[in-house]
Amino acid sequence: MTDVPEINPPNPEAFLKEARTLATHAPLLRAPEKVHSVFLVIIVAACLPLAGGVVLFGWRALWVVFVSVVSCAVIEKIYFRVTHTPALLGRTHAYLTGVLLALTLPPFTPWYVVVLGALFSILVGKAIFGGVGHFLWQPALVGRFAIAVITPILAPMLGTTDVLQPLSWGVLDQQHIVFGDVKEVKTPKDYRGWKLTDAPDGTNGFAMPHPNKVMSKLWLKSDDNFHNFSSIGTVRDDIPNRQCMLFAVLPPVSDMLFGARPGGIGETCSILIIAAGLYLVYRNYVKWQLPVVIILSAAIVVSIAPIRFTGPNGTMETVWFPMFAEGIEIGFTYVLYQLLGCGLLVAAFFMAPEMTTSPVTTGGQVIFGIGCGSIAMLMKLYMDIPIPAYVAVLVMNTFVPTIDSMWQPKVFGQKHFPWLARAKK
Amino acid sequence: MLFQRYGKFTGGIDVPEEKDSTVDKPISIPEATDSLRIPLMPCQTLPSQPTVTVGARIEPHQRIAAAMKDGIDIFAPLGGTVKSIDEKTIELADLTQPKGIPESSIETSWSDLDSVQLYQRLAESHLPTFGARGETMMGWINRAKKSQANTLIINAVECQPYVTADHRLLAEFGSEVITGSAILGKTIGVSKIIVAVDETHTDDYTELLETNAQYDIQCIALPRKYPIGADNILAYVLTRHEVPCGQDPESIGIAMAGPAECFSVYRWVVCGQRLGGRVVTISGMHAERPGNYFVPYGTDIHELMAPAEEPFIIGSPMIGRLCPEGSVVKPSTDAVVAIDPTIVGVPSQCIRCGWCHDHCPARLNVAVLNDHYELSDIAQAEHLGVLSCVECGVCSYICPARLPLAERTRKLKRAIKRRQTSMPLFTPAPKPPESDR
Ligand code: SF4
Ligand code: SF4
């Protein structure tokens, strides 16, 4: 969009003339919602999980959000000044991208990493495609993906000179949770839930294993400690089952719901994400089918996908149907942890339904959602990817033009579905 | 007898109704104007040939132009002197006072006439129809007879915002409208007549309900949801048969008429009166005298609306168009609305929100059609069923990018109909000045 004159333009006469040349045909009424207001409403909805993140993780989270939003806006402004690309929709969408990027970032991300993410979001995610309405991948996820790829490479080069020294890259690895203004952190062996455990003397927070880290790569053989429960010493004798051992190192389910767990700023508080998502569904900015299908397909995949991990006696054990292997209750808890533990809810309610990068028709969105949900869970279980849900959305975004051209609705008065067919030239 | 409740369709929206200022205003007489410019082409037929000369004194309801081919004769709505004649209009000055809708006086008992006699009587009437399609009454009857329609639907739903002309006709002349529909039904030979009205206004239609029992006519109240009054959608809601892509309800044996046609048919067949005007709703926030008026054909719209300022919209804002200089009231002018079209805004690019598709009553994927429009890919647009579009304007209304989608689908339909596939459809709009808003 080049420019959107306000409803009360400075020169009403000229604008009236222009509007009349543009609008010689019906309808001459318009719904109040414009592209800008659509983005604004999504920003407002996204602020809900962000607020939850700020409450849980402290002021540093707010700083990350601020850096992300400002750098997105500034980078877009500079890009526009340089290239004069007409289709950059301007500030509102840049703010939205910044907010969504901040949703996915851990709270103690150093500022230069955030700026790096914003750079990739705006330039690679949006600008090179020509701006709003043209991009193929959800821009905030492009930025997040770039961070996930680049930071492990950059980390040794930069050294550990950051103020957040003990944590800096570890947080980005999404292995730890920190509450409060962190100067000193301990890893409590007996963490039993937020509000239930006092921080040990002399520390400001807990460093917890990231649930995503614990619950993912359950098929890969690795020497990662989290896969070898006997070695971290948290396997308790009173937990008889193998899957239960997974939960022994994780926060309780209530903490998973309320967000007191490691993760991105807006990723952890599931309740608020769902509330914000329901608001978007109510406003018709998100079709309810898409998040439902994503979550359902993810749940189905994790409940039947076989997993494998090191048991207490040191051998690799395979669980074929995790949902039913050790009783439905444990299976259900396992699925719940898998769904809540990664950014799946953010992906389902904020990232996948991004209007430009999702299919137009409801049928297309269902296909898209099935792809997102199942790919996310397959990546999480079988591949070494730190942000499986987001990568799954990016993968499916790539196929959106194909889905869009294949899946056409059955039009009023047509006898057949026109999908999969092209007109004869 | 009560109104039956009925039906749904996918898509559609709630358009602000905006009828409060006119819905209770009885049909009245507009202020007298100086001159009438009576159109010689009230319908989409060949223009009629004037039979009067400049300077002649004309009585009310005198014939002033003779039909060409399948057109209609033109009758002067008011008395006056012929001031000038050109290809499209006859201008009358020194007018007699407009009288409004005359008292009804029963001259003929229509129930004695059989359908052939009624057909002949209507053939003498030279009535137009009042829809946007611009047919003559005989053209419509012939089409309905040819398709062997077995159902006649009187479309009085009036889902368009601002327009209350049909509503007032039903409220004030309900029994005449019903009788008119019975006459039309008998002429075409249908087995079933349905009168569909809007359920929010049913309290005013007591007269209608008293009459319909005599003729075995179904009265159905439909919920308000734009565009339930579009012919194809209404036919689907009432009969559950989808009109095939690009065709009229007639193709599935449903004839569609409006209350204005029924009323004029009643007045002609039963009373022998030829109404020289139609009920026009004048509304909108800039209108000086909102209300429903019985306006003679040929009244200049700017004079009718004076002293309100331009711009005016002929018809409802959802399907109408801006009133060009010197337009006059025609049979299809159901409303003149004075609102600011500046709210339309400047189009930007599609963000693929899919709302146009969600709300399209024809379930068209308008976003993809818009792509095909920009690529001039008419064959693919036709394959995707663009001919099913009922031109309701919902897609443009709802589009957050302010794209003129309804206009584009209309152009695609026209291009398909004309097979002008070699011509580029899309001429890029002149670039607005750069800014980084
Ligand atoms: S409503 Fe407008 S912006 Fe949304 S998909 Fe349709 S054309 Fe695109
Ligand atoms: S495409 Fe046609 S039928 Fe569909 S919403 Fe637009 S104007 Fe109405």
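Per chain, numbering begins at 1; letters A, B, ... match sequence-line order. Heavy atoms only: backbone and side chains are in, while hydrogens, waters and symmetry mates are out.
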Closest contact, heavy atoms only, A/Val38 versus B/Pro400 | CG2-CB, 4.0 Å
Do you know the tightest heavy-atom contact between A/Leu29 and B/Tyr397?
-> O-CD1, 3.5 Å
Which heavy atom in A/Arg30 sits nearest to a heavy atom in B/Leu403, and how many Å separate them?
-> NH2-O, 4.2 Å
With a 4.5 Å cut-off on heavy-atom pairs, point out which of B/Val394, B/Leu364, B/Asp358 contacts chain A the most.
-> B/Asp358
Under 4.5 Å heavy-atom distance to chain A, tell me which part of B/Pro361 shows up: side chain, backbone, both or neither.
-> backbone
When you look at NZ of B/Lys19, are more than 12 heavy atoms from neighbouring residues, nucleotides or ligands closer to it than 6.0 Å?
-> yes
Looking only at atom types and distance, does a side-chain atom of A/Thr356 sit under 3.5 Å from a main-chain N or O of B/Ile351, one as donor and one as acceptor?
-> yes
Interatomic distance, A/Phe412 atom CZ to B/Ile233 atom CD1 [nearest 0.5 angstrom] = 4.5 Å
Give a yes or no on whether the backbone of A/Gly133 and the side-chain of B/Arg352 come within a donor-acceptor separation of less than 3.5 Å.
-> no
Using non-hydrogen atoms only, which part of B/Cys350 is less than 4.5 Å away from chain A: side chain, backbone, both, or neither?
-> backbone
Tell me, yes or no, whether the heavy-atom count around A/Phe129 atom CZ, taken from other residues, nucleotides or ligands under 6.0 Å, exceeds 12.
-> yes
Would you check if the side chain of B/Gln349 reaches a backbone N or O of A/Val132 as a donor-acceptor pair within less than 3.5 Å?
-> yes
Might you point out which heavy atoms bring A/Pro409 and B/Arg363 nearest each other, and give the distance in Å?
-> CG-O, 3.4 Å
Can any side-chain N or O of B/Trp355 pair as donor or acceptor with the backbone N or O of A/Tyr285 at less than 3.5 Å?
-> no
Does any heavy atom of chain A fall under 4.5 Å from the side chain of B/Ala362, the backbone, both, or neither of them?
-> both
Mind running side-chain contact (heavy atoms from CB on, under 4.5 Å) on A/Lys410 and B/Glu242 for me, showing each step along the way?
-> CA-CA 12 Å; A/Lys410 181 182 165 296; B/Glu242 290 191 359; 3.7 Å; yes
Pairs of heavy atoms under 4.5 Å with chain A: top-ranked of B/Pro16, B/Gly385, B/Gly11 = B/Gly385
Do A/Val35 and B/Ser348 pass the side-chain contact (heavy atoms from CB on, under 4.5 Å) test, and can you show the C-alpha distance, the side-chain angles, and the key distance before you say yes or no?
-> CA-CA 9 Å; A/Val35 172; B/Ser348 60; 4.2 Å; yes
Less than 4.5 Å apart, any side-chain heavy atom of B/Ile398 and any of A/Glu33?
-> no
